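Nothing fancy with the numbering, it's 1 onward along the sequence. All of these numbers come straight from a predicted model, not from anything done at the bench.
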Amino acid sequence: MKGIVLSLGMTRGRLRLPDLRATVRRHGLLLVFAALLLGGLVLGSVYARHADAKTLHSLDFLFTTNLDARLAQGAVGTFCACFASDFIFLLGAFLLGLAPWGIPFMAALVCFKGFGTGVTAGYLCLSHGVSGAGFYLLVLLPGTFLFCAALTGFVRHACAYSRRALLTLLGRQHAAASPKELLLHLTAHFLSALCVTFAASVLDALLWTLFAGTFQF
């Protein structure tokens with residue numbers, strides 16, 4: 001009886017291993033970019049301890065590092081600021097995806113987004129303590145998480161397009177579809193990510209309008 005149980009356990013383990021490998025093969029690129037995003041977040045959190053006010057203000061166009069200026073904006077201004085900064089990252093990923101050499105730069109782009117997110121979180125927590133942490137979790141994190149998910153999901157497709165373009169340029173792969181079809185496919189993913197970015201900016205503006213005034217800084 002004990003041998004049967006052990007045999008069943010080994011069989012289950014063997015069944016799960018191919019599933020794990022298939023998952024890694026299917027979503028491995030997405031996991032890599034998610035890891036780069038998290039790595040950048042950790043680096044940004046550490047950097048926030050040593051960053052001066054001038055550096056933080058210079059990063060405010062891309063990230064929320066000048067809280068006083070952001071709090072003075074209305075809902076429309078908050079939406080425009082959030083959408084503009086997110087759109088720059090998304091458009092950068094799209095343009096880099098068109099280039100055969102774009103993969104390492106897309107990795108750096110995702111890491112930089114994580115870095116800025118970490119700087120924002122670290123700055124709020126270090127400068128304003130519990131209030132800053134609550135503000136980030138309630139007001140900033142939902143929209144940031146939604147956009148980061150859209151960015152990493154799109155970068156996976158942009159990376160695949162860039163890799164295919166590189167292999168085609170080197171003569172190691174012939175495109176299964178026409179260049180126009182591949183470009184339309186990538187553009188469709190870009191528009192989908194852009195819609196999610198728009199929704200994330202609306203969510204940011206809504207949360208800022210509803211809850212930003214309840215925090216005292």
Side-chain angles (χ1 to χ4, degrees), residues 30-93 105-155 193-217:
L30 181 63
L31 295 175
V32 169
F33 284 114
L36 288 172
L37 185 72
L38 292 176
L41 192 150
V42 173
L43 292 175
S45 301
V46 174
Y47 176 79
R49 295 185 176 184
H50 309 287
D52 55 10
K54 183 178 179 180
T55 303
L56 292 173
H57 289 176
S58 65
L59 292 173
D60 187 61
F61 179 72
L62 295 176
F63 312 107
T64 308
T65 52
N66 188 353
L67 196 59
D68 295 333
R70 293 296 180 98
L71 288 173
Q73 296 175 338
V76 176
T78 300
F79 168 81
C80 293
C82 294
F83 184 78
S85 61
D86 291 345
F87 179 75
I88 289 174
F89 281 96
L90 196 62
L91 180 62
F105 295 95
M106 280 186 282
L109 181 74
V110 172
C111 189
F112 183 64
K113 175 58 182 178
F115 175 82
T117 302
V119 169
T120 301
Y123 164 72
L124 288 173
C125 294
L126 293 173
S127 301
H128 305 289
V130 177
S131 296
F135 181 86
Y136 183 80
L137 292 174
L138 181 62
V139 179
L140 295 180
L141 183 59
T144 300
F145 178 82
L146 187 61
F147 171 71
C148 287
L151 179 64
T152 52
F154 172 71
V155 168
L194 189 63
C195 291
V196 177
T197 302
F198 181 87
S201 300
V202 171
L203 180 60
D204 275 332
L206 181 63
L207 293 176
W208 274 80
T209 303
L210 293 177
F211 300 110
T214 62
F215 293 87
Q216 300 298 325
F217 298 112

Roughly how far, to the nearest 0.5 Å, is CG of Asp86 from OG1 of Thr144?
-> 7.5 Å
If you take all heavy atoms of Ala199 and Leu146, which pair is closest and at what distance?
-> C-CD2, 4.2 Å
Could you pull out the closest heavy-atom pair between Leu203 and Pro142, with the gap in Å?
-> CD2-CB, 3.8 Å
Grab the two heavy atoms, one from Ala205 and one from Ala75, that are nearest each other, plus how far apart they are.
-> CB-O, 3.6 Å
From Leu36 CG over to Thr152 OG1, what is the distance, rounded to the nearest 0.5 angstrom?
-> 10.5 Å
Parallel, tilted or perpendicular: which fits the ring planes of Phe83 and Phe198, with parallel below 30° and perpendicular above 60°?
-> perpendicular
Find the distance between OG1 (Thr117) and OH (Tyr136) and round it off to the nearest 0.5 Å.
-> 5.5 Å
Under 4.5 Å between any side-chain heavy atoms of Leu194 and Leu90, yes or no?
-> yes
With Leu207, which of Leu140, Val139, Thr78, Leu141 fulfils side chain to side chain contact (heavy atoms under 4.5 Å, CB included)?
-> Val139
Verify, without hydrogens or angle tests, whether Ser127 (side chain) and Leu124 (backbone) share a donor-acceptor contact under 3.5 angstrom.
-> no
Phe79 and Asp204, any side-chain heavy atoms less than 4.5 Å apart | no
So, for Cys82 and Ser201, which heavy atoms are closest and what is the spacing to 0.1 Å?
-> C-OG, 3.7 Å
Can you name the one residue among Leu109, Leu151, Leu38, Val155 that meets side chain to side chain contact (heavy atoms under 4.5 Å, CB included) with Phe33?
-> Val155
Nearest heavy atoms of Cys148 and Lys113, plus distance in Å = SG-CE, 4.1 Å
